[in-house]
Each structure stands twice: as C-alpha cells, then as structure tokens.
Amino acid sequence: MPSGPGSTTGAPNAPSIGPARPDIDIIIITTTTMAPTCSCTTATATATNNDNNTNNNDHLVQSDDPNHPANLIPSLCAKFWTLGWVTGTGGGASIRNDDLVYIAPSGVQKELMKPSDMYVLSLEAQNGLADRRQRVYLRSPPGGRPSQCTPLFLAAFTRRGAGCCIHTHSQWAVLVTLLLEAEGPGKDREFRINNIEQIKGFGRGPGKTGNLGYHDTLVIPVIENTAHEEDLTEYLEEAMEKYPDTYAVLVRRHGVYVWGENVHKAKTQCESLDYLFQLAVEMKRLNLPWVTEIEEVKPRGP
Ligand SMILES: CSC[C@@H](O)[C@@H](O)C(=O)COP(=O)(O)O
Ligand SMILES: [Zn+2]
C-alpha cells in the first residue's frame, strides 16, 4: 500500500480517504448528478475495501483510448507546454468523467507526465468530509502529492458542472492583468473586449444556448493572487458567484483558469482566450481600445 497524500484507507463500499493534508485547504463539495463529459472508455471505479485494494485501482488510469482522461491530460499538457502555458511545472489541467476526477501530480514537469502519474478521486466522495484537510483518492501514484490546483479544479466541476478545467501561466494572461493593474484601482477587476471574431469561441454561459457573437462583450473577472495556490479557491468561487456566465477567471500576476462542459469546449475557450489576451496586449501597445462601438453590418439583400 503506498503512503503519502493519496494513500488509501476506508470502509467497505466507501471511497478511500487519504490522511490529513494540513497544507491544503479543500472545499466541501455539493455534489449534483452530472452527465458524463467525455466519450472515452473509462472503467467504472468500484468502491472497494481499500485494505484489500492491493492494485490501488490502477485500472482507472490504464486505457488504449487516447481520449481517456489519464491519457489526455499528459498529451494535452505536452501541447500546452509548447504554448508556454504550463512551463516550469506551473499550470495544468484536470478532467472529470462523470464522478471520476483525474488530477496531475504537483511540481512535476507537466509536459513529461505519463498516465500512470495521474491521481483519481471521486467527486461524490468529497461531499461532507468531516475534516476539510482530507481528500478522497481512489487512485494515487506512489510518492509525490496531487496538484495544488486541485481545489480550484474541483470548484469548476462542482459549481459549474464542468468536464475539464485548464490552468495556464500564459504570459499573455499575466500581461493583461498587469495592464489592468496599471489602469489603477477600480479598473483592474475585469478584462473586457468586444468586436473581435474570436469572441465567438465562448459559450454564452452555463445553461444558455449558443456562443457569444462578434459584437458581444466578453468579460473575464480578475482575482488577486495568493501566496499559496489552494488559497485562491474562495476568491475563484466568489468570482464564479458574481459572474455566473463566465467560463474563466484571471489571477493577477499569475495566469488564468478556464473550464468548459467537456475537454473540447474547455480547450476551445482557453485557446480563444489566449488569442484575445495576446491581441489585447498588442492592441494596448498600439493604443487601440479593447472595447469599441462599431455599427453592425447587415447582410446585403438579394
Ligand atoms: C511554478 S510553480 C506554480 C505553482 O505554484 C502553481 O501556481 C501551479 O500552477 C502548479 O501547481 P502544481 O501543484 O504543480 O500543479
Ligand atoms: Zn498556477
């Protein structure tokens, strides 16, 4: 039985609970019934008596399907690394498939991860934990510890029903927060941009139909950075409450969290946002405004 944060103990027919982690502040999860978010062939987690759970549920991270979360997180992060999104171990991604959440290890080179490095937890089993510093893991690799972004990813899954959440340290995201900061207090809390085609890459909001239009204004809230990643959680949750339609939150001088209903949507939104952040930085350099009033061009009649 491996020891460490993901080690498993527990009662029969109950998910496993790891030992207390004083360094991590976790959120109490209000679990809702959520639809599966990817079409991969994930094996169902069998609730086990973990004293007998000699295989550490390794089957949860073993699949030939490239779309299996345990395969997809390493392959996506390898691609994100080439964009400067997860450089120097910063940033990461997490995928939820129904009740199972796949999490990367902390402090590792995110572009070099393997499926066997993945942690797996049950979202449902996080609900009502007596000790908020305990988290439930169905599967954990030997040694190490799970990503410090875990409570933030869980916030996207539980509060938004997201199927994937991506955290980048993109310099474009950081620069946008610095440009906003330079605008002064009161003007540094939101990034706004309109009349750019790539805005169409965003959904209107959870429960709403369709995507934003070309003329719509995309609004992304900005939260302050904290010394420890986990401590961002309550600020991220607060921003989610205040901006019910948002799929992303910028973290000042740090990066951005972007989520989506599934991997495809989270990736599309993250890419679209990074495009818009880069554009916005260049626009500022050229003294061009991010928000403009331009008249809608009507289609030509027959
Ligand atoms: C360059 S260290 C960055 C970390 O402190 C954190 O911001 C981060 O994004 C990644 O945390 P991790 O625990 O490695 O998944
Ligand atoms: Zn980070």
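As the structure lists them, so they are numbered: ligands from 1, and atoms in each ligand from 1. All residue numbers in this chain count up from 1 along the given sequence.
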Only residue of Val174, Leu180, Val176 satisfying side-chain contact (heavy atoms from CB on, under 4.5 Å) with Leu178 is Val174
Selection residues 190-213 - residue pairs positive for ring-ring contact (aromatic ring centres under 6.0 Å, His included), sequence neighbours left out
Phe191-Phe277, Phe191-Trp290
Can you confirm whether Tyr235 is buried at OH, in the sense that more than 12 heavy atoms of other residues, nucleotides or ligands lie under 6.0 Å from that atom?
no
Glu183 atom CD, over 12 foreign heavy atoms within 6.0 Å:
yes
Any N/O/S atom, side chain or main chain, of His169 closer to the Zn ion (ligand 2) than 2.8 Å?
yes
Not counting sequence neighbours, list each pair that qualifies as a salt bridge (Lys or Arg N to Asp or Glu O under 4.0 Å) and has a residue in residues 203-218.
Arg204-Asp216, Lys208-Asp245
Qualifying ring-ring contact (aromatic ring centres under 6.0 Å, His included) pairs with a residue from residues 207-227, counting only residues at least two apart or across chains:
none
Select all protein residues for which some heavy-atom-to-ligand 1 distance is less than 4.0 Å, and list them by chain and number.
Gly88, Thr89, Gly90, Gly91, Ser106, Gly107, Lys110, Ser147, Gln148, Cys149, His167, His169, Glu229, His254
